[in-house]
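In what follows, a single structure is set out as structure tokens and then discussed.
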Amino acid sequence: MRGSDRDRPARLRLALALPGGLLAAALALDAAAGTLTVLRALLWIGLAAALSAVLVPPRITAGGGRLAVRTLLRTRRIRIDRLVGARLEGHTARRLVLRDAAGRRAEVDAAAIAASPSCGTSWTPAPAARTPRVCWPTPPR
């Protein structure tokens with residue numbers, strides 16, 4: 001059984017709508033002022049694309065004793081059944097930093113894990129393993 005971040009589609013829509021709105025407003029204002037050129041339109045499009053690349057949330061999936069965090073540039077995978085450390089970092093944007101026995105590390109948005117319990121509890125240990133299930137801490141409000 002696999003679990004994933006169930007709030008990601010809404011956050012993804014918002015991450016794409018904000019730069020789209022900025023692009024539409026910038027192009028409309030530039031056109032109304034009579035200063036819109038092809039070069040300026042390309043610059044506005046580039047700015048909107050850069051903003052959307054920054055705002056796209058990572059994809060978090062869990063299953064088979066593993067947790068994967070996929071961003072635009074890389075994928076971080078850790079073994080949930082071999083966790084050796086979990087730490088909550090940050091004050092405004094809380095991040096859960098997980099480390100497994102192999103030294104692999106993944107940073108996850110703590111609010112995304114708390115809002116999607118299936119990310120933390122969807123895996124079942126192998127029958128021979130006697131590892132307890134992982135319970136994700138709820139971030140302080």
Side-chain angles (χ1 to χ4, degrees), residues 1-33 35-141:
M1 184 169 154
R2 286 185 76 72
S4 63
D5 181 7
R6 65 178 167 208
D7 291 337
R8 185 176 188 273
R11 292 185 301 152
L12 184 61
R13 277 192 301 274
L14 182 64
L16 297 176
L18 290 175
L22 173 71
L23 177 63
L27 290 175
L29 288 173
D30 225 357
T35 58
L36 184 63
T37 63
V38 173
L39 180 62
R40 286 178 69 102
L42 289 175
L43 288 173
W44 285 122
I45 291 170
L47 178 68
L51 184 60
S52 64
V54 169
L55 292 177
V56 168
R59 180 183 302 265
I60 304 166
T61 55
R66 297 176 189 262
L67 180 109
V69 180
R70 292 181 183 97
T71 61
L72 288 176
L73 299 178
R74 65 180 166 209
T75 299
R76 301 259 183 169
R77 289 184 183 91
I78 61 166
R79 297 281 311 250
I80 298 174
D81 54 350
R82 297 182 187 214
L83 280 180
V84 294
R87 166 175 87 230
L88 207 52
E89 289 185 350
H91 296 287
T92 305
R94 304 291 273 180
R95 308 289 296 166
L96 184 61
V97 180
L98 302 169
R99 183 174 300 274
D100 67 4
R104 291 181 295 249
R105 182 176 163 225
E107 290 187 27
V108 183
D109 181 18
I113 293 292
S116 300
S118 65
C119 275
T121 60
S122 65
W123 66 277
T124 54
R130 301 200 188 275
T131 308
R133 293 176 82 93
V134 174
C135 298
W136 302 109
T138 304
R141 302 217 182 255

Hey, could you give me the [atom1]/[atom2] distance between [X] and [Y], rounded to the nearest 0.5 Å?
{"X": "R76", "Y": "R104", "atom1": "CZ", "atom2": "CZ", "answer": "11.5 Å"}
{"X": "E107", "Y": "R99", "atom1": "CD", "atom2": "CZ", "answer": "10.0 Å"}
{"X": "W44", "Y": "L39", "atom1": "CH2", "atom2": "CG", "answer": "12.0 Å"}
{"X": "L67", "Y": "I80", "atom1": "CG", "atom2": "CD1", "answer": "4.5 Å"}
{"X": "L22", "Y": "S52", "atom1": "CG", "atom2": "OG", "answer": "10.5 Å"}
{"X": "R11", "Y": "L16", "atom1": "CZ", "atom2": "CG", "answer": "12.5 Å"}

* May I have all residue pairs that pass salt bridge (Lys or Arg N to Asp or Glu O under 4.0 Å) and include part of residues 42-56, sequence neighbours excluded? =>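 Every pair satisfying salt bridge (Lys or Arg N to Asp or Glu O under 4.0 Å) with a residue in residues 42-56: there are none.
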What are the two closest non-hydrogen atoms of [X] and [Y], and how far apart are they?
{"X": "T75", "Y": "R70", "answer": "OG1-CG, 3.3 Å"}
{"X": "L55", "Y": "A15", "answer": "O-CB, 3.3 Å"}
{"X": "G65", "Y": "D81", "answer": "O-OD1, 3.6 Å"}

* Lys/Arg N to Asp/Glu carboxylate O, D100 vs R82, below 4.0 Å ->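 Salt bridge between D100 and R82, a charged N being under 4.0 Å from a carboxylate O: no.
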* Report yes if the side chains of L23 and L51 come closer than 4.5 Å at any heavy-atom pair, otherwise no. =>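 The answer is no; the side chains never approach within 4.5 Å.
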* To do: Please check if the side chain of R40 supplies one atom and the backbone of L36 the other of a donor-acceptor pair under 3.5 Å.
  =>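 Side chain of R40 to backbone of L36, a donor-acceptor pair under 3.5 Å: no, none is there.
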* Donor-acceptor under 3.5 Å (D109 side chain, R95 main chain) ->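 The answer is no, because no donor-acceptor pair under 3.5 Å joins these two groups.
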* Step-by-step side chain to side chain contact (heavy atoms under 4.5 Å, CB included) determination, T71 to V56 -> CA-CA 8 Å; T71 61; V56 168; over 6 Å; no
* Intermediate values then yes/no, side chain to side chain contact (heavy atoms under 4.5 Å, CB included), I78 and L83 -> CA-CA 8 Å; I78 61 166; L83 280 180; 3.8 Å; yes
